[in-house]
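To start, the structure itself, in structure tokens.
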Amino acid sequence: MAFFRGLTAVSRLRSRAAQEATTLGGVRWLQMQSASNLDLKSQLQELIPEQQDRLKKLKSEHGKVQLGNITVDMVLGGMRGMTGMLWETSLLDPEEGIRFRGLSIPECQKVLPTAVKDGEPLPEGLLWLLLTGKVPTKEQVDALSKELVSRSSVPGHVYKAIDALPVTAHPMTQFTTGVMALQVESEFQKAYDKGMPKSKFWEPTYEDCLNLIARLPPVAAYVYRRIFKDGKTIAANNALDYAANFSHMLGFDDPKMLELMRLYVTIHTDHEGGNVSAHTGHLVGSALSDPYLSFAAALNGLAGPLHGLANQEVLLWIKSVIGETGSDVTIDQLKEYVWKTLKSGKVVPGFGHGVLRKTDPRYTCQREFALKYLPEDPLFQLVSKLYEVVPPILTELGKVKNPWPNVDAHSGVLLNHFGLSEARYYTVLFGVSRSMGIGSQLIWDRALGLPLERPKSVTMEWLENYCRKAAA
């Protein structure tokens, strides 16, 4: 397991936990928590010194070990395949997909606490896992849910800042504006201005990150209701868990939708550190910008069409298929439309990934959710047909390293089924989710004292001269 080394000896799971471990196959080691310790921050206080020592040892003993060769293709190709940053909370394998602290998505679904029997994981449980490397108990998750509720009050000036924008502004523009307005509450900025030792930087960062995570759902819900529901907001129901309360404030209380939101937030929390939003958050944070500034920058990266905005593009493209071919589209019609899209110079949204080389596990778990709750939904059936049609065409095209569907290929169809059909808003949901991964890593960045990120850049002339000398 890729859990923290140096933790207290990991014991085999007993009773219910032992039964779960058996179902996990290769996952043999999981450290279950004692229900007596419900405070997340105290857990981190115990872990941080050990991890600081671990980092020092890694640098002193292996600092000069080479991790690979850098090619011109990597420099010109968006640094693809270049190992260049530390990201503790998750690791993405090209073949098997994402692992959160060593756990795959199916494994998380088995061991993380749920709101209902045999339901989807509670995002608060994944947040605990990302921060500590440990699987929490239900009592710990419930305590964290209550803590997030206690932090969730949003100052009035935040809503006024959003209201200063035209209601026609993109939801991500309004959402990021809300995050920037929250920045005046930054505990890190206050502590830094007063002066504090570097070893303590993680503490106000922790406060900022948990406050930010807690306040994003009401801000995001406000943006949704302002744009799409005539500004009629819905008060929070603080008896609900994080994702369910978010769904409620948006205006969706179907128990199946609450389960979908738990799944959605959980699987979108983190995806290694090299993607645009995560890397941006890490980069800006390395300048000791506070978590609000860092996350706002990350959101602006997430809003790009090649990153988080892709999830809205998928649903719009699927609806364009129906608009041209009708709802009862045949396989041949679908193939024709896919080729038409590609020949026009566009991509088929929702397929391919910068790292993955197989079907995204986040797609797979959403497909399983759809098979369980909405197998007859016409859009889901169309997505299933696309799963058959698109990969062979992209493979035939010969220009795509990964022809398989990613997370975006499915999420919009699920949300649309339960009434959240406004595709322009989907990236905001992504942003709320991603705060947990980016925030968790920011805390560890400060705890480990990671330095300012400053890679070397070169010109084409430098590359040309270097390659001439190398060939001589």
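Please read these numbers as outputs of a predicted model, since none were measured by experiment. Quick note: numbers below take in every heavy atom, side chains included, and nothing from hydrogens, waters or symmetry partners.
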Check your understanding: Please walk me through it: do D163 and R226 pass salt bridge (Lys or Arg N to Asp or Glu O under 4.0 Å)?
Key -> CA-CA 9 Å; D163 287 341; R226 179 176 187 254; 3.1 Å; yes
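- With values rounded to the nearest 0.5 angstrom, D360 atom CG is found 13.5 Å from K358 atom NZ.
- Counting heavy atoms from C-beta outward, T205 and D445 have side chains that stay 4.5 Å or more apart.
- Residues meeting the side chain to side chain contact (heavy atoms under 4.5 Å, CB included) test with P121, sequence neighbours left out: Q109, L112, T266.
- Residues T89 and D270 have side chains that bring a donor and an acceptor to within less than 3.5 angstrom of each other.
- Closest approach of M180 to A296, counting heavy atoms only: SD-CB, 3.5 Å.
- For the residue pair E107 and S104, a side-chain donor N or O sits within less than 3.5 Å of a side-chain acceptor on the partner.
- Looking at P455 and E453, their side chains come closer than 4.5 Å, going by heavy atoms from C-beta outward.
- Within a 6.0 Å radius of NZ in K190, other residues, nucleotides and ligands contribute more than 12 heavy atoms.
- Between the CG atom in L263 and the OH atom in Y373 there is a gap of 10.0 Å [rounded to 0.5 Å].
- Between the side chains of E272 and S90, no donor-acceptor pair is found at a separation under 3.5 Å.
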Review point. Do E147 and R151 pass the salt bridge (Lys or Arg N to Asp or Glu O under 4.0 Å) test, and can you show the C-alpha distance, the side-chain angles, and the key distance before you say yes or no?
Key: CA-CA 6 Å; E147 180 179 354; R151 295 171 176 267; 2.9 Å; yes
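- Interatomic distance, L299 CG to T427 OG1, rounded to the nearest 0.5 Å: 10.0 Å.
- If you look at Y363 and Y387, their ring centroids are closer than 6.0 Å.
- Between the side chains of H282 and Q441, no donor-acceptor pair of N or O atoms lies under 3.5 Å.
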Check your understanding: Can you check side chain to side chain donor-acceptor pair (under 3.5 Å) on Y425 and Q312, steps first, answer last?
Key -> CA-CA 8 Å; Y425 184 77; Q312 81 171 37; over 6 Å; no
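- Note: H410 NE2 to L386 CG = 10.0 Å, rounded to the nearest 0.5 Å.
- Side-chain atoms of H417 and D377 include a donor-acceptor pair closer than 3.5 Å.
- Within 6.0 Å of NZ on K41 lie more than 12 heavy atoms contributed by other residues, nucleotides or ligands.
- Checking S247 against R262 by side-chain atom types alone, no donor-acceptor pair falls below 3.5 Å.
- Taking the ring centroids of H268 and Y264, they lie under the 6.0 Å cut-off.
- Expressed to the nearest 0.5 Å, how far CG of L210 lies from CG of L40 amounts to 6.5 Å.
- With no hydrogens or angles considered, no side-chain donor-acceptor pair links N300 and T280 at under 3.5 Å.
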**Study point:** Candidate pair N37 and S42, rule side chain to side chain donor-acceptor pair (under 3.5 Å), full reasoning
**Key:** CA-CA 8 Å; N37 190 349; S42 68; 3.2 Å; yes
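- In this structure, Q43 and W128 have side chains that are in contact, with non-hydrogen atoms separated by less than 4.5 Å.
- With a 6.0 Å radius and a threshold of 12 heavy atoms from other residues, nucleotides or ligands, M196 has its CE atom above the threshold.
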Review point. Where do D142 and K138 land on the salt bridge (Lys or Arg N to Asp or Glu O under 4.0 Å) test, with the steps shown first?
Key: CA-CA 6 Å; D142 289 344; K138 182 62 162 63; 2.8 Å; yes
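- Across all their heavy atoms, G281 and A298 have their closest contact at N-CB, 4.0 Å.
- In summary, the side chains of S421 and N416 do not present any donor paired with an acceptor at a separation below 3.5 Å, with no hydrogens or angles considered.
- The aromatic rings of F418 and F369 stand perpendicular to each other, their planes meeting at an angle above 60°, with 30° marking the opposite boundary.
- Ring pair Y159/Y222 is tilted by interplanar angle, where 30° to 60° counts as tilted.
- A distance of 10.5 Å separates CD in Q45 from CG in L47, rounded to the nearest 0.5 Å.
- When atom types are taken as modelled, the side chain of Q189 and the backbone of V184 share no donor-acceptor pair closer than 3.5 angstrom.
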Check your understanding: Between Y292 and N211, is a side-chain contact (heavy atoms from CB on, under 4.5 Å) present by the stated rule, with each step listed?
Key -> CA-CA 10 Å; Y292 296 94; N211 286 342; 3.6 Å; yes
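- Looking at R101, its side chain never comes within 3.5 Å of a backbone N or O of K134 through a donor-acceptor pair.
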